[in-house]
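Reading through the C-alpha cells given below for one structure.
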Amino acid sequence: MKKRKNFIMKIEDNIETFNSLLKRQGFIWGPSPEIYGGLAGFYSYGPAGMALKNNILFLFRKELRALGFGEVECPTVMPEIVWEASGHLERFIDPVIKCKKCESIFRADKFLKEKLPNTMIDGLSFEEMEYLIKSNSIKCPECDLEFENIEDYNLMLKTKVGSGNTAYLRPETATTTYLLFNRLDQVLRRQYPLKVFQFGKAFRNEISPRQGVLRMRSFDQFELQFFISKEQEFNFEEFDSVKHTKLPLLDWKLQNKNIEIPNQIDLENAINEKILKKPAYAYCLYLSYYLVSKLGFPEEVLRYRQHSPNERAHYADDAWDLEIYTQQFGWVEICGIHDRTDYDLKRHGKFSNQNFEVRMNIDSNEKEVPQILEIAYGIDRIIYTLLETNFNVEKDRINLKLSDNVAPNQVAIFPLVKNKEKIRLLAKKIHNDLLQELIYSYYDESGSIGKRYRRQDELGTPYCITIDYDSLEDNTVTIRERDSMKQIRINISEILLIIKNGIQKKKE
RNA sequence: GCGCCACUUGUCUAGUGGUUAGGAUACCAGCUUCCCAAGCUAGUGACCCGGGUUCGAGUCCCGGGUGGCGCACCA
C-alpha cells in the first residue's frame, strides 16, 4: 500500500496571511454590517480584538490613575454652538464644486486658487466664490461643462435632536472634555495642572475611507488633557525626572531636508536646541511614549514626527505625531501631541459667556485662562499597529508575539489526551481555579496537542499548560512558552505565580 | 466622489452559459494519540445585493454595495 505523503502546509509570510488572521481569529471584522454588504468606514471587534482592546484600556487607566489623572465621559452628540466655538464647523465644512455631468468633485477654494493664482481666495464666502466661477467661466477639467453652485461637504456627521435642533456627532472627544472645565476646576480643587482624560467614540464623515481601521468614520479616541498655566509650561516639576529620556525625534526642519531618520535625542537637549519649546510639552511627549511602551511595540518601529507649521490644526501651536512603521501602510500616526494653547477655553468662554480666567498661582493674584496640552491616542490604530508589528510567520506556524499584559488569553489549559477522564478532570479543575483568580484562561481539548499549541500561537497566548499522565501522580504539569516553544515542568501550585510574573522568574 | 480592476463556504481558492459548484484548510462529532498543524471515519457550510438578456446565469449586460490601485479628500 502506498503511504500518503505527509502534507505540510506552507504558511506564506505576507500581509494577506495577516489580514486573514484578523478575521479568522476574531480580532477585527468589517466593514459592518457584513451581512448587508457593509458600510465603508465602519468596523466591529470580535472577542479576541475586544479582549486586546480592554487589556490596553485597563493598562492605560491603571497608569494614569497612578499619575493623578481623573477620567470623564461626555455625550457623543453636542449642539451646533459647541462646534461653532471650537472652530470645527468652519474648518470641517469644505466648500466643494461638483460637475453636473461627470460627478467629479473638487475643493472649491483650492480649485480656484489653482485656476486664478492672482486672486485672493482665502476668506471668501460661498457666494463670492460662485461669482468668481461664473465671471471667469470656470469649467470642469474632465468634461468641459461649466460649474454652477458651491455645495458644502461636512466632515462632521449632522443630526437633529428633539424638535429639530441641529447637532453634530463629535469629531473628537477633546472638545467635550473642555466643556467641563469649570466643573473640573472645582472638583480637582485647583491643583494645577489639572489632569483629565476621556475615552470614547468620535465620528468623521470621511469622503472616502480607506486603509481599513486606520481611517474609520466611527472610531475610539483616548485623550489626555493638561490644563496648565503659562508659567508652569516652562517650569514643570515632573520634567526633571524624565529629561534624560531619549526619544526618536524627527522635527520639521529635518523633514524639509528630506531626512527620514529621526534623531535619538534626550529631552533636555531638545529644549536646549530649541527643537521643543516648553518642558511641559516635552513631558507630554515623554508621557505619550511611556504609555505606549507598556504595550510591547518593537523599538525600531517608533518615531515622533513634527507637523510643519502649515500642516497644523487650527488650534495648535506645536504638534508632533507618534508614528509606528507598518508593512501595509507605512508610517501610521497612533497619537498626536498638541499644544492647543488657550484657544479652546477662550473660544468656549466667549461663546458661552463664561469667565474661564482662574487664579492658577498661589503667589500671585493674577488670573489667566489655562493653556491646554493634549495627548490624543487613536485606540483602533494602536490595536492595528500592535497586531501588525507583533505578527510573525515562523517555520511552520504563525506566532503573534503579544506581550503577556495585552494578550487576549493569558494562558491555555490542555489535557494531553481527551479520552482519559482523570486527565480531563484535572485540566478542567486547573482551568476553573485560574478563572476564579481572574486569570483569562482558555480550555481546549480538541485535536492533537500540537494543533492546540498552534491555535494559541495565532492568538498570542504567552503560555500553554498541558496536563499529562505524570500530573496525576505528582501534581506537576508542563508549561510551554510561546516564543521559544520550550517547556518546563512545574508544580500545579506554582501556576498562578508564574502566569502573573512571567516564566523568566522560574527559569532563574 | 471619479477612473481602472476585483468580489465563489470561517479562510484561501478552482470553475467562460447547462457542474449533485470542485479542492485545500478551518470548524464540528467520533476513533486514535505519553507534547508541537500526524492518521482514520462521518458531518456542517459559498456564488455580495437588485434588475435584465436567455429555454437556462456563479459565468453575459445594467444599477447598487464593498475592496484594491490611481486622482481628489484625510482639522
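- Protein atom CD of E34(A) is 12 Å distant from nucleotide atom C1' of U11(B), rounded to whole Å.
- Nearest to the side chain of R210(A), among A37(B), G1(B), U66(B), sits G1(B).
- Comparing C36(B) with U41(B), their C1' atoms sit 24 Å apart, to the nearest whole Å.
- Here C34(B) is the nucleotide among U66(B), G10(B), C34(B) with the atom lying nearest to any side-chain atom of Y469(A).
- Put simply, S446(A) has a side-chain N or O that comes within less than 4.0 Å of OP1 or OP2 on C28(B).
- Nucleotides U8(B) and U16(B), compared at atom C1', are 15 Å apart to the nearest Å.
- Judged by distance alone with a 3.5 Å cut-off, a donor-acceptor contact links the side chain of Q487(A) to the base of C35(B).
- Heavy-atom nearest nucleotides on RNA chain B were determined for H338(A) and for D457(A), and the one closer to the 5' end corresponds to D457(A).
- For G58(B), there is no paired base (Watson-Crick or G-U wobble, both distances below 3.5 Å).
- Across all strands shown, the partner of G3(B) is C69(B), judged by Watson-Crick or G-U wobble contacts whose two distances both fall under 3.5 Å.
- Of the two residues near RNA chain B, R455(A) and G450(A), the one whose nearest nucleotide lies more 5' is R455(A).
- Counting to the nearest Å, the C1' atom of A75(B) and the CG atom of L155(A) are 8 Å from each other.
- In this entry the distance linking CZ of F329(A) with P of G67(B) reads 12 Å, nearest Å.
- Under 3.5 Å, the side chain of R480(A) and the base of C36(B) form at least one donor-acceptor pair of N or O atoms.
- Under 3.5 Å, the side chains of Q328(A) and Y384(A) contain a donor-acceptor pair of N or O atoms.
- Between the C1' atom of C31(B) and the CD atom of E445(A) lies a distance of 14 Å, rounded to the nearest Å.
- A donor and an acceptor atom sit less than 3.5 Å apart, one in the side chain of R215(A) and one in the base of C73(B).
- In this structure, the nucleotide among U66(B), C34(B), U33(B) sitting nearest to the side chain of K418(A) is U33(B).
- Across all strands shown, C40(B) forms a Watson-Crick or G-U wobble pair, both distances under 3.5 Å, with G30(B).
- Checked by distance alone, D468(A) brings a side-chain donor or acceptor within 3.5 Å of a matching partner on the base of C35(B).
- One interatomic measurement links the two molecules: CD1 of I488(A) to P of C35(B), which rounds to 18 Å at whole-angstrom precision.
- Between the CG atom of L416(A) and the P atom of A38(B) there is a distance of 14 Å, rounded to whole Å.
- Between the side chain of S208(A) and the base of C73(B), no donor-acceptor pair under 3.5 Å is found.
- Considering only side-chain atoms of I207(A), the nucleotide from A75(B), C2(B), C73(B) that sits closest is C73(B).
- The neighbour count for K350(A) NZ, taken as heavy atoms of other residues, nucleotides or ligands under 6.0 Å away, does not exceed 12.
- Listed pair N419(A) / C31(B) fails the phosphate criterion, with no side-chain N or O lying under 4.0 Å from OP1 or OP2.
- G17(B) and U13(B) have their P atoms separated by 23 Å, given to the nearest Å.
- A tilted orientation is assigned to the rings of F222(A) and F199(A), their planes being inclined by 30° to 60°.
- The partner of U25(B) is G10(B), judged by Watson-Crick or G-U wobble contacts that both fall below 3.5 Å.
- Taking side-chain N and O atoms only, K451(A) has a distance below 4.0 Å to OP1 or OP2 of C27(B).
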### Task
Could you walk me through whether W331(A) and Y325(A) pass ring pair (Phe, Tyr, Trp, His ring centres under 6.0 Å), step by step?
CA-CA 4 Å; W331(A) 288 100; Y325(A) 189 77; 5.3 Å; yes
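- Atom P of A14(B) sits at a distance of 25 Å from the matching atom of U66(B), rounded to the whole Å.
- Of the candidates V292(A), I379(A), L214(A), D321(A), I334(A) forms a side chain to side chain contact (heavy atoms under 4.5 Å, CB included) with just one, namely V292(A).
- Using atom P as the reference point in both A46(B) and C4(B), the two lie 33 Å apart (nearest Å).
- A gap of 13 Å separates the P atoms of C27(B) and G39(B), to the nearest Å.
- Judged by atom type and distance alone, R204(A) reaches the base of A75(B) through a side-chain donor-acceptor pair under 3.5 Å.
- Across all strands shown, G63(B) pairs with C49(B); the Watson-Crick or G-U wobble distances both stay below 3.5 Å.
- The side chain of Y453(A) contributes no N or O atom lying less than 4.0 Å from OP1 or OP2 of C36(B).
- Distances from the side chain of R91(A) to the nucleotides C35(B), A75(B), G67(B) place A75(B) closest.
- Distance, L39(A) CG to C49(B) C1': 15 Å, rounded to whole Å.
- Counting non-hydrogen atoms under 4.0 angstrom, Q456(A) reaches nothing in the nucleic acid.
- Judged as a ring-ring contact (aromatic ring centres under 6.0 Å, His included), and not counting sequence neighbours, the contacts of F181(A) are F227(A), F356(A).
- Relative orientation of the Y443(A) and H431(A) rings is tilted, given thresholds of 30° and 60° on the angle between their planes.
- Annotation: G10(B) and C2(B) have their P atoms spaced 31 Å apart (nearest Å).
- Look at the C1' atom in both G43(B) and C7(B): the space between them is 28 Å, to the nearest Å.
- One interatomic measurement links the two molecules: CZ of R397(A) to C1' of A37(B), which rounds to 12 Å at whole-angstrom precision.
- Taking each heavy atom of I382(A) and F297(A) in turn, the nearest pair found is O-CZ, 3.9 Å.
- Candidate nucleotides C36(B), C35(B), C34(B) were compared by shortest atom distance to the side chain of V417(A), and C34(B) ranks first.
- Residues E233(A) and K278(A) are paired through a salt bridge, judged by an N-O separation under 4.0 Å between the basic side chain and the carboxylate.
- Within 4.0 Å of T466(A), counting heavy atoms only, lies at least one base atom of the nucleic acid.
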